Protein chains: 2
Amino acid sequence: MGRKTTITDVARAAGVSKGLVSFALNDRPGVSPDTRDRILDVARELDYRPSLSARSLSTRTSYALGLVIARDPEILGADPFFPSFIAGVERVLSAEGRALVLSVVGDDAHEQTVYRTFASDARVDGMFLTDLRHDDPRIPLLQSLGMPAVTLGDPDARHAARASADDAGRTAHPYPSVVLDDTAGVVELAHHLAGLGHRRIAHVIGPRRMMHATRRDAAFAGALAEAGCPAPIVVETDFTAAEGAAATGRLLDLAEPPTAIVFGNDPMAIAGIGIAHERGLQVPRELSVAGFDDSELARYVFPSVTSVRSDPLVWGEQAARTLLQLIATGASDDVELPPARLVTRASTGPAPTP
Amino acid sequence: MGRKTTITDVARAAGVSKGLVSFALNDRPGVSPDTRDRILDVARELDYRPSLSARSLSTRTSYALGLVIARDPEILGADPFFPSFIAGVERVLSAEGRALVLSVVGDDAHEQTVYRTFASDARVDGMFLTDLRHDDPRIPLLQSLGMPAVTLGDPDARHAARASADDAGRTAHPYPSVVLDDTAGVVELAHHLAGLGHRRIAHVIGPRRMMHATRRDAAFAGALAEAGCPAPIVVETDFTAAEGAAATGRLLDLAEPPTAIVFGNDPMAIAGIGIAHERGLQVPRELSVAGFDDSELARYVFPSVTSVRSDPLVWGEQAARTLLQLIATGASDDVELPPARLVTRASTGPAPTP
DNA sequence: GAGCCAAACTATACCGGTTTAGTCGTCCCC
DNA sequence: GGGGACGACTAAACCGGTATAGTTTGGCTC
């Protein structure tokens, strides 16, 4: 079987130089319409496909984007966020002939190495920054590596700056962000629970070093205060169902256990319901439970789980689009997605009367 | 800031030709020990890293492996198999300086395109074939594209051939396979349920076109027959919690509903428990439920779910190793992993007495 | 009709590696 | 001491594109 057809084959068949073929294919000026058409015809006929590696070498572009996930494999499996996010990214990339290079790392040290390797190998043209952390070290790292990136959420914690007098004074972050305001849904949830008469409420959040954990914590506590409720009991976890279950156990062991528990993701909420049932508590009659992300399973457990719907798929799509634009034009605006909304289901109900 | 150091820089600094540097770095014969050491020293000092794209171009190797997942994003999120599998693959690849290129596609037509594109762009050096189908069209496709691959499970359905007289006569499959015998766990499960006195048993399986679905179906039915039980009621689903729930509903509506339901994955099992509870049925007192894969959540719902533990992480590791070996040496043996084992938990119990 | 300019096209130098053909020197052997 | 073999190394071709400098062609101007 013959070799793959190269640009030289096309040039020879069309009777022109290979430089001109390159021009025609990347439709750049300097090619007469007739010639261009002829070249394109020949290329199609020979089923010519430019070699990615040759192109990468001369353009210093890899036509791929990178995603490094720094979570324990175990958690990754339980949390539906990333698969959906990836699917959204893919939807955009595959249409553009680009690929997604994925890396899953356990520890932070290894994480740095992967970012460095991706950059120095020029394996990707840009990266997605998820699970943003406070003063995220990856931002200066990527900046020093000259690697374009897009962040999921605003690395400057604009919500905090908003309260301060000098909003304009905040540090401009170097990368465009795609923001999905999760606090909106959390606030709705706080009002929902307060409205149901709950006063002793617990908030089981993800790792504090991740911005979304503290951001939601602040939003939830703030909204409860506004509604005249006491501050929630906050428990930090690593997002695993195991820690969600453990946290629930500890909360229910308190002298005055909460009447409602809000979890940072759905798997933890489902595990929480499991613990409650194990102890013979009725949900929501004796304990209300809510989750986050609104995964498929939330609808199908018993009772179905009240959750805050963030849309990882759309988030992925938009992040991919933003990153591609940044790479192509050198600049890209921040994008604000529709805020997360509360989805009320059967796991939340009126607070039990004492 | 200066350009990246290239092989020419190293050659100049070491006072040799760049060809020799290449030899030294890929430790090939024809370089004197002294010179080799000197070159390596210089390379280290200059922090030289070969350009991936340049190397790709001249060696026709991309140093990346590909995984195409043909599942609906929604299902992907619910099923923890892939994230764990990917984490396992990554563990091996990152140590080898290779990357994983991922693609998530919804429909089959698009699937073909992605395989073709990966091949014609030479974006990957080999591919993982998961969710093997009967007479899987991807095998001849990849073969015709000259793309190395490794299959998860045996595409020849050896378990069927085993029964036939002429075992040697079966078609030799072109790709090495990494087999994790899931039937062992399914058989254990059948005996477990039969031993508990269950007679009316349902099996909610995944899509029939996937080999593992029919394989497990056959194994389960066979083991039940052996144990003197009637044939199970089989329901085909798409692996979503939604269809798992729907199937459960239909089964419980039967005039003689099953006393035990076995599901093809854990999310469906959890959804099944949800439906049972919704109808006021006690699990396992009135209905026993079992899942598959033994995901984290299975341990933490109420009641905890009896499941068959397949080990996606190990599967991913081994598949990566096998594929790398195939690519490097041109041949690789099939690998047999420890079989899946039953994990008994609280969701299965004695059959209710009529 | 000489002079000029732009458009269309060619030739060639890259990109940064690998690989092959060829050069040089040294040791060995008869 | 001449010839062959071998080890160490260099020069240059090559992978398949893109980018740039240079050449041809045709039309327009005065």
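Below, all heavy atoms of this structure are taken into account, side chains as well, without hydrogens, waters or symmetry copies. Remember, it's a predicted structure, so these values are computed and weren't measured experimentally. Numbered from 1 within each chain, the chains take letters A, B, ... in sequence-line order.
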Does A/Arg71 make a cation-pi contact with A/Phe82, if we ask for NZ or CZ under 6.0 Å from the ring centre and within 45° of the axis? no
Between A/Asp125 and A/Ser62, is any side-chain donor less than 3.5 angstrom from a side-chain acceptor? yes
For C/dC9, does either OP1 or OP2 sit under 4.0 Å from a side-chain N or O belonging to A/Ser32? yes
Quick check against the 3.5 Å criterion: does B/Arg36 have a side-chain atom that pairs as donor or acceptor with the backbone of B/Arg28? yes
Could you state the atom-to-atom distance from CG of B/Asn26 to P of C/dT19 in whole Å? 7 Å
Donor-acceptor contact below 3.5 Å, side chain A/Ser84 vs main chain A/Pro312: no
Atom CG of B/Leu25 and atom C1' of C/dT19 are separated, to the nearest Å, by 15 Å
Is it true that, when you exclude B/Asn26 itself, more than 12 heavy atoms of the residues, nucleotides or ligands shown sit nearer than 6.0 Å to its CG? yes
B/Tyr48 vs B/Phe23, nearer the 5' end of DNA chain C by closest nucleotide: B/Tyr48
Return the value, rounded to whole Å, for the distance between atom CD1 of B/Ile7 and atom C1' of C/dC15. 13 Å
Distance-only donor-acceptor test, A/Lys18 side-chain atoms vs D/dG16 base atoms, 3.5 Å: no
Nucleotide D/dG16, atom C1' - distance to CG of A/Leu46 in whole Å: 15 Å
A/Arg60 side-chain N/O to C/dG16 phosphate OP1/OP2 under 4.0 Å: yes
Dump every N/O contact between nucleotides 4-7 of chain C and the protein below 3.5 Å, one line per pair.
none

Between CZ of A/Arg55 and P of D/dT18 the distance, given in whole Å, is 6 Å
Sugar-phosphate, base or nothing in reach of B/Ser56, heavy atoms under 4.0 Å: nothing
Could you state the NZ-C1' distance from A/Lys4 to D/dC15, rounded to the nearest angstrom? 12 Å
Any B/Ser22 side-chain nitrogen or oxygen under 4.0 Å from OP1 or OP2 of C/dG17: no
Contact class for B/Thr35 vs. all strands (heavy atom < 4.0 Å): base, sugar-phosphate, or nothing? sugar-phosphate
Nearest-angstrom distance from the residue atom CG of A/Asp27 to P of D/dT18: 12 Å
Counting heavy atoms from C-beta on, name the nucleotide in C/dG17, D/dG17, C/dA11 closest to the side chain of A/Ser17. C/dA11
Output the rounded distance in Å from CG (A/Leu20) to C1' (C/dT10). 9 Å
Of the listed nucleotides (C/dG17, D/dG16, C/dT10), which one gets closest to any side-chain atom of A/Ala54? D/dG16
Answer yes or no: does atom CD of A/Glu96 have more than 12 heavy-atom neighbours from other residues, nucleotides or ligands under 6.0 Å? yes
Kindly determine whether A/Arg38 and A/Asp41 satisfy salt bridge (Lys or Arg N to Asp or Glu O under 4.0 Å), including the steps that lead there. CA-CA 5 Å; A/Arg38 184 158 44 90; A/Asp41 280 353; over 6 Å; no
Think A/Arg28 has a side-chain N or O under 4.0 angstrom from the OP1 or OP2 of D/dA19? yes
D/dG16, OP1 or OP2 - any side-chain N/O from A/Ser51 closer than 4.0 Å? no
Below 4.0 Å: OP1/OP2 of C/dC15 and any side-chain N or O of A/Ser58: no
Checking B/Thr35 against B/Ser32: is there a side-chain donor and acceptor pair closer than 3.5 Å? yes
